[in-house]
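Reading through the C-alpha cells given below for one structure.
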Amino acid sequence: MSRYDATSVEKKWQDAWETAGTFAAKRDVSKPKYYVLEMFPYPSGRIHMGHVRNYTMGDVIARYKLATGHNVLHPMGWDAFGMPAENAAMASGGHPKDWTYQNIADMKAQMKPMGWSLDWTREFATCDPEYYGQQQSMFIDFLEKGLVYRKNAVVNWDPVDMTVLANEQVIDGKGWRSGAPVERRELTQWFFKISDYSEELLEAIDSLDNWPARVKLMQSNWIGKSRGLQFAFSLIDGPDGQDRIEVYTTRPDTLLGASFIGISPDHPLARRLEIENPDVAAFNDECRRMGTSEEDLEKAEKRGLDTGLRVRHPFDTAWELPVYIANFILMDYGTGAIFGCPAHDQRDLDFARKYGLPVIDTFVAAENGAPVETEAFVPPKTDVVKWVRGFAWDENATGEQAIDAAIAFCESKGVGFGVTKYRLRDWGLSRQRYWGCPIPVVHCEACGVVPVKKESLPIRLPDDVTFDKPGNPLDRHPTWRNCTCPVCGNPALRETDTMDTFVDSSWYYARFTAPDAETPTSLPDADYWMNVDQYIGGIEHAILHLLYSRFFARAMHICGHLPEKAIEPFDALFTQGMVTHEIYVTRDENDRPVYHLPEHVEWTESGARLGATGQPVEVIPSAKMSKSKKNVVDPVNIIRDYGADTARWFVLSDSPPERDVEWTASGAEAAFKHLSRIWRLATDIAAADGSGQGDADLLRAMHKTIHDVTLGVESFGFNAAIAKLYAFTNTLAKSTAGAAAKRQAMVTLAQLMAPMTPHLSEEIWALLGQKGLIAEASWPAADPAQLVEDSVTLPIQVNGKRRSEITVAKDMPKEEVEKLVLEDDAVKRALEQGALKKLIVVPGRIVNVVI
RNA sequence: GCCCGAGUGGCGGAAUGGUAGACGCAGGGGAUUCAAAAUCCCCCGCCUUCACGGGUGUGAGAGUUCGAAUCUCUCCUCGGGCACCA
C-alpha cells in the first residue's frame, strides 16, 4: 500500500493545472460565464486562517461551477495601500513600497500551495501605478460630473506628533505613540457626494435578492431615512442680530413637551459665542478633545452648558426655552441643533435631570398611563397612546398618526415644513498620508483647485521619502509638491492628500475584467464578465465597503466605465463568519496593552505564560483575528505538516460557513486522518476485482450522496456536505459490493470531494484510470429514480412525545396509516389513560395522537 | 450608547414547525500486536433503572401550536459595525 505524500502530490497537480491553463479565464460566449470573487487581501505578509477559509469557500464554488459547464472568472489581487506599510517604515526604516511588494511576494508564495483555482494572470495590486493611475483618471471624471467636492471636516489631531490620527490610533482620547490628548481639528477635505444617492441606494436594496437579509437591514439602517419636521425657534437677543435656530426633529408630535434647545459645539452659534464668552470657549474646547467617532460621542457622559440665551416656543411666544451647547449633538446630522423632550427620550431625560430642566409628558400609556419619573416613555411609534399635550389629532392615536398630523398642522400654521432626511453622510476620502493614491489636482493661486491633465497620469508617488518625522512626507517633499498649473502654467502646489483605501477597493472587481486596459475598464470585457455572480467576504464589510462599492459602480456607470446592468455589482453575496482566536496581552510600564502571538504563549499549570520570559499573560476571550491584536495563526504550518487538502477540508468541515469559527489545532489531525483513510480505501478498491453483494444499495447511497452534496455546495452548506461525504465514506468502506460498483462509487466520491480536496481527488482519479483532469471533468448527476424510497418510518407521538414508530409504504393512504397507528401497542396503552381527542397524520413525516 | 447577529452534550456542530444531538473531535471498552504506533469494531446528553423503560433537556422566563432548537415578546451573555483598521 502506497503512502499518500501530500507535498509532492499537491505540487504535481498544481503544475498540471498550470500547464493545462485550467483556470485562466477567457471570454467565450458559447458558455455561461460565472464570476466568483472573494474580497482581496491586505498584503500583511502572512496568510492566516481567515484567508484560508475565505478563499477555500470561493474555490469550492469556482471549481463546482467549472464542473457544471461554466466559463469561470476567479481572480486575485492585493488591497495594497494603507497605514500598516507606513507604520512599518516608521518602526524599522525601509520604504512602504518595498515592504508592500515584499509582503505580496511572500504571501503569494504562501497562497500558491493552497491549490486555489485562481487566475493569477489577472493579478494586480492597488499600489501599482497602472491601477491607481486609472483611479486618478476616474477621480477627474467624477470631478467633472460633480460627484466630488471639498468642504471642512474634523480630524483627530495629535498636537505632539503634529499629525492626523486614525480612529484606531486614538486610545482613550490619547495619541497611540505620543500619549498626548487628541484634539479635533478642522481641515478642508475631499468628499464623494454619496448622499445624493441615499434614496437610490436605499431603494435598490430591495433588488438584492441574493444578499443576506441582515446585511441589507444594516445598510438600510445606515442610510437611515427619516421623515421629520424642520422649523426654527426664534432666538431672543442673539449675537450679531442672529434671530433663529433651525431644528430638525423626527418627533414633532412631542413639540409641546420641549424643555430645552441643544446645539452642537461646532454649531455656528456656539462658535460665535466662544469668541467673547470664556466659559463657552472652555466648554467647546473640552468637547473638541473628544474623539471624532460616533461611538465616542455616544458613550461619553452627556454634558451641556447653558449659553444664557433663550428661544421662544413657536406655539406659545410667552414660553421661553434655554439654549444649551451639548456634547452629544452631531453637526453632521440634521441642522446640528435639536429640541429636547425629556419625557420621551432617555438621553434628554438624563440631561434634564442633570441640569434641573422640566419634564413635560405629551402622552402616556393608553391604559394606566403614569407620568414619567426616572425612565423616559418611548413606546413603538405604532402603539396607540393617550395624548395629554397633543395638538391637531385625537386623544388616542399612534405616534405615527401624531407625527403626520403634527407636520401637516405645523405646515398649515407656517411653522416649518416636513422634510425627509438621511443619516448617510458624504464620503470623506482625503487622507493626510503618503501610502495611498495621490489625489490628482493642483492648487494654483490664480486658477484655484484644478485637476491635472489626464495625459500626465499617473501622478506617481515619489520614492525618495523618509519616515523619520511624523506627518505626511508629501507635504515636505521639495520637488514633488512644487509643480506648474495645468491651466495657466504658473507655479502651483500639488495636492498632498491621498485617497482613502476604500476607494481602491470600490472598483477592483471591475478592473479584474480587464486588468491591462488603458482605460479604467474595457466595456466589452466589463459587459461580458460583470456582474460578480458570487461575492464572498467577511461580515465586517457589511456596511462601508459594500455601500461604497455600490455607489462607485453607479458613479462609474455615469462616467461610462461600466454598463448600466453593473450598478449593483454583486449579484449574490455571502458573508462568511470570522476566524477567531483568544488574545494574549501583557502591559507595558505605562499600563498600555502589549499583544503576543499564540505561538509565543505556553500553557502551564498556573496558566498562560510567555514562552521566552515566563511572564504571565492575560487571556482575553476569542475575537476576530487581527494583526493589531496578534491573535493570528499561521496556516503555513498546517500545509507543511499535512498538506493543503487537509487545511482546506478542515476549514470547511468544522463550522457552518456564515458563523464564526474558533481556530483549534485538534481538527487538523482529524482531517488528515480522514483523507489518509480515503486514499487507503482508493488504493484497496483500485487493486480489487470480482463481484460481491449489495451493488444496488451502494449505488443508491451514491446517488443520494451526489444529491445531498450538490445541494450542500450550492447553498453554502459546506460543513453539511462534508458530513454527507463522511457518511458515504463509511458506507463505501463497509460495503460488500463488487469491484465495479466500488470503483464507480470511489470515482464519484473523488469527484464530489474535488472542489474541496482537489489534489487528492486528482490522484484518485488517475489511480482509478480516469482520463484527463478531474478539475475539467463534468459534475456527476444524481439519478432521480435512485432517490425515491419505497417505505418510510413514521414516528408516533402521544401528546407531542415520541412513543413508538411504524414503517409503512411511502404512499400509504392516511386512513390506513391511522388504522395501523391505533393498533400500535404504545398507542393502545396510552388510550387506556384517556379518550382520543385528535389524530394527526402528516404523510411521510409524523403521527401525533392527542389524548 | 445606537444598529446587526449568535447562544444546542466535555468540544465543533446537525436538524428552519414534525423522532433533538447527524457527522466529526475528545473520552471509555474491545480486536490486532511480543509491545507500541497505525488501523478496525462497539459504547457515549443528563438523572433514574439489573434490564425493558421512565423523567428531563437546545442561554433564562413567558406565549402561540396537536407539536417549538426553529415562530412571538421580555431579559442575560458573547461577537460584528459605528463613517481615518482593512
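Values in this document were obtained by computation on a predicted structure and should not be read as measured data.
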Q: Please name all residues satisfying side chain to side chain contact (heavy atoms under 4.5 Å, CB included) with A:His545, sequence neighbours left out, ordered by chain then number.
A: A:Met39, A:Phe502, A:Ser505, A:Tyr508, A:Tyr535, A:His541, A:Ser549
Q | Distance in angstrom units between A:Trp435 CH2 and B:rA86 P, rounded | A | 13 Å
**Q.** Rounded distance (Å) that lies between atom C1' of B:rC2 and atom CG of A:Leu217
**A.** 13 Å
Remember a base hit wins even if backbone is also touched, and classify [X] as base, sugar-phosphate or nothing at under 4.0 Å, heavy atoms.
| X | result |
| --- | --- |
| A:Asn799 | nothing |
| A:Ser505 | nothing |
| A:Gln432 | base |
| A:Val849 | nothing |

Q: Ignoring hydrogens and angles, state whether a donor on the side chain of A:Thr501 or A:Asp504 is under 3.5 Å from an acceptor on the partner side chain.
A: no
Q: Would you kindly say whether A:Glu495 and A:Trp190 are connected by a side-chain donor-acceptor distance under 3.5 Å?
A: yes
Q: Calculate, to the nearest 0.5 Å, the distance between atoms CD and CG belonging to A:Gln576 and A:Asn54 respectively.
A: 4.0 Å
**Q.** Position toward the 5' end of RNA chain B (nearest nucleotide), A:Phe81 or A:Arg803
**A.** A:Arg803
Q: Map A:Asp79 and A:Ile846 onto RNA chain B by nearest heavy atom, then report which one ends up closer to the 5' terminus.
A: A:Ile846
Q) Which class fits the ring pair A:Tyr131 and A:Trp507: parallel under 30°, tilted 30 to 60°, perpendicular over 60°? A) parallel
(Q) Applying ring-ring contact (aromatic ring centres under 6.0 Å, His included), can you list everything that pairs with A:Trp649, at least two apart in sequence or on another chain? (A) A:His674, A:Tyr726
Q: Represent RNA chain B in dot-bracket notation, 5' to 3'. Only Watson-Crick or G-U wobble pairs with both distances under 3.5 Å count; pseudoknot-style crossings use [ ] and interstrand partners use |.
A: (((((((..(((.....[....))).(((((.......))))).((((....))))..(((((..]....))))))))))))....
Q: Indicate syn or anti for B:rG9, taking the glycosidic torsion and treating anything within 90° of 0 as syn.
A: syn
